[in-house]
Protein chains: 2
Amino acid sequence: MMTNQYQPAPRSRRERPAKSALTRQGIIDVGLAILQNDGLNKVTMRRIAEALDTGPASLYVYVRNTVDLHAQILDALLAAVTESLPVDGTWRDRVKQLLKRYLLVLFKYPEIAQMTLTTHLNGPNYLALLEHLLALLHEGGMADHDAAWASDLLLLYATAVAAEHSPRKSSSQTADEDQVFFATITTVDTSKYPNVTRLGDELFSGSGTERFQWAIDTILNGALNPPHVETEQKNV
Amino acid sequence: MMTNQYQPAPRSRRERPAKSALTRQGIIDVGLAILQNDGLNKVTMRRIAEALDTGPASLYVYVRNTVDLHAQILDALLAAVTESLPVDGTWRDRVKQLLKRYLLVLFKYPEIAQMTLTTHLNGPNYLALLEHLLALLHEGGMADHDAAWASDLLLLYATAVAAEHSPRKSSSQTADEDQVFFATITTVDTSKYPNVTRLGDELFSGSGTERFQWAIDTILNGALNPPHVETEQKNV
DNA sequence: ACCTGAACACCGTTCAAGT
DNA sequence: ACCTGAACACCGTTCAAGT
């Protein structure tokens, strides 16, 4: 989407809007463009090499393998998460906003969310996100130990939600699957699965946003509640 | 590698212990065997067809596509989760045991965990797991609405933990990545990321089991705490 | 209905050879 | 050091033709 080396005399624009050079940044730029147009599984060595007017072998100077390629692209995407965050509202609201921001980026490129779970993020953008989150939990009075683990849980949850909503390969029946599951749940053997039957409607209640907020509140409240050790199960 | 038409006189057993027929079940059996030996990304149409002494095109009678193939294999794996569950202990302990069981299956075939996030499970084994979990939450006195949403959150969390620990492609540096992240965290710009620096050690404290239990307790306590609506942020 | 061979349109990665 | 052509060893899926 953008040139790195120089602008090639703006005489007659090519159809291809921007040209990328055979550099690490150029490879990532081309990869991002392909990701937006054709999805992650088209972000291949061969496709990128073709866009760069070379053979796939040439990319291996800048990229270890396909996994590494995708990881570098993900890191570039994460830059948008912590840009110009709002500073007003309660800490709790800002936690939700921060995580919603993160979620939105992953939703925009849903196939990337899956990768996020298995690729360990350690780029500056991920660190900035973590920093903001920890600061907010601290502001909310959460103990350090709990805040550290809660931040992990919250980010893992948000990532999982995004991954869950990502299409497994191409497009097709994402909504269909939900309906199939709902149909299964409501048709299920009542005597065999009494609780599933009884809670059938509740399992599907609420909007995505409502459930997201519920989950965050639940985690925050749990982590703010000091006696969350196993000693208080006596109320059963 | 083996014949489909007839058994060649049971004189001397072949090395390959069992033979699979060209049926839905035979395909899944072969798929499971390949999964255990060579990992998920070797569970390909071509490999299965080869093991079944036919061409890849023949599989498309029983399997819609590769995604469907993998989903059916996953469903078969999930059978082990709800077999002969223990019935003693507090409801809280049994929740943990149940989820640990689920986690163990996903850990055993880690590449499958990723799939679990994006493929909607609706097989009988997943329903049985859900049923057990809902019954335990009910036993623990959790309100129906909260129990429904909490079960979702708990299962999503467990799945995400498993997916997180799955190698992204082949094997190699899973532990390395953690060390790289730890190195990054502890080397990070203190003034830019004060909270990350301050909590650096806490972010990596505890064993996997401890963190798993902490997370479950946190979620359970949060969901058992009725006033988890946004109205109680006033304590800031 | 089920099965197949053959083809189409792709992949990642390596390597010897060039510059 | 970087770049390349060519090759190796694979993929998923479709389709016309067979049984």
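Quick note: numbers below take in every heavy atom, side chains included, and nothing from hydrogens, waters or symmetry partners. Treat the numbers as computed from the prediction; the structure is a model and nothing was measured. In what follows, chains carry the letters A, B, and so on, assigned in the order in which the sequence lines appear, proteins first and then strands, with residues in each chain numbered from 1.
Heavy atoms only, all atoms of each residue included: B/Ser205 and A/Trp149 are closest at OG-NE1, 3.1 Å. The two atoms that bring A/Ala160 and B/Ala160 nearest to each other are CB-CB, 3.8 Å, heavy atoms only.
Listed by chain and number, the residues in a side-chain contact (heavy atoms from CB on, under 4.5 Å) with A/Ala215 are A/Tyr157, B/Leu153 (sequence neighbours excluded). Under the salt bridge (Lys or Arg N to Asp or Glu O under 4.0 Å) criterion, A/Asp201 pairs with no residue at all, not counting sequence neighbours. Under the rule for a side chain to side chain donor-acceptor pair (under 3.5 Å), the partners of A/Gln72 that lie at least two apart in sequence or sit in another chain are A/Arg24, A/Asp68. Legend: residues meeting ring-ring contact (aromatic ring centres under 6.0 Å, His included) with B/Tyr102, ordered by chain and number and at least two apart, are absent. Qualifying salt bridge (Lys or Arg N to Asp or Glu O under 4.0 Å) partners for A/Arg46, counting only residues two or more places apart in sequence or in other chains: none. Residues satisfying the salt bridge (Lys or Arg N to Asp or Glu O under 4.0 Å) criterion with B/Asp152, sequence neighbours excluded, are A/Arg211.
Between the CD1 atom of A/Ile48 and the P atom of D/dT4 there is a distance of 15 Å, given to the nearest Å. For the pair A/Leu22 CG and D/dC2 C1', the interatomic distance rounds to 9 Å; values are reported in whole Å. Atom P of nucleotide C/dA9 and atom NZ of A/Lys42 are separated by 13 Å, given to the nearest angstrom. D/dC11 atom P lies 11 Å from atom NE2 of B/His70, rounded to whole Å. In this structure, B/Ile34 atom CD1 and D/dC11 atom C1' are separated by 14 Å, rounded to whole Å. Distance, A/Leu40 CG to C/dC11 C1': 14 Å, rounded to whole Å. If you take CG of B/Asn41 and P of D/dC11, they are 10 Å apart, rounded to a whole angstrom. Atom-to-atom, CG of A/Asp68 to P of C/dG12 comes out at 14 Å; the value is rounded to the nearest Å.
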Contact state string [nucleotides 13-19 of chain C, B base, S sugar-phosphate only, - no protein heavy atom under 4.0 Å]: BBB----
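Among pairs with a residue in residues 125-135 of chain A, none fulfils salt bridge (Lys or Arg N to Asp or Glu O under 4.0 Å), at least two apart in sequence or across chains.
Taking atom C1' on both D/dA16 and C/dC3, the two are 13 Å apart, rounded to the nearest angstrom. Spacing between D/dC10 and C/dC8 at atom C1', rounded to whole Å, works out to 15 Å.
Put simply, B/Thr54 has no side-chain N or O that comes within less than 4.0 Å of OP1 or OP2 on C/dC3. Here A/Tyr62 does not reach the OP1 or OP2 of D/dC2: none of its side-chain N or O atoms lies under 4.0 Å away.
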Watson-Crick or G-U pairs under 3.5 Å in DNA chain C, rendered as dot-bracket with [ ] for crossing pairs and | for another strand: ||.|||||...|||||.||
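Across all strands, B/Thr44 comes closer than 4.0 Å only to sugar-phosphate atoms, never to a base (heavy-atom distances).
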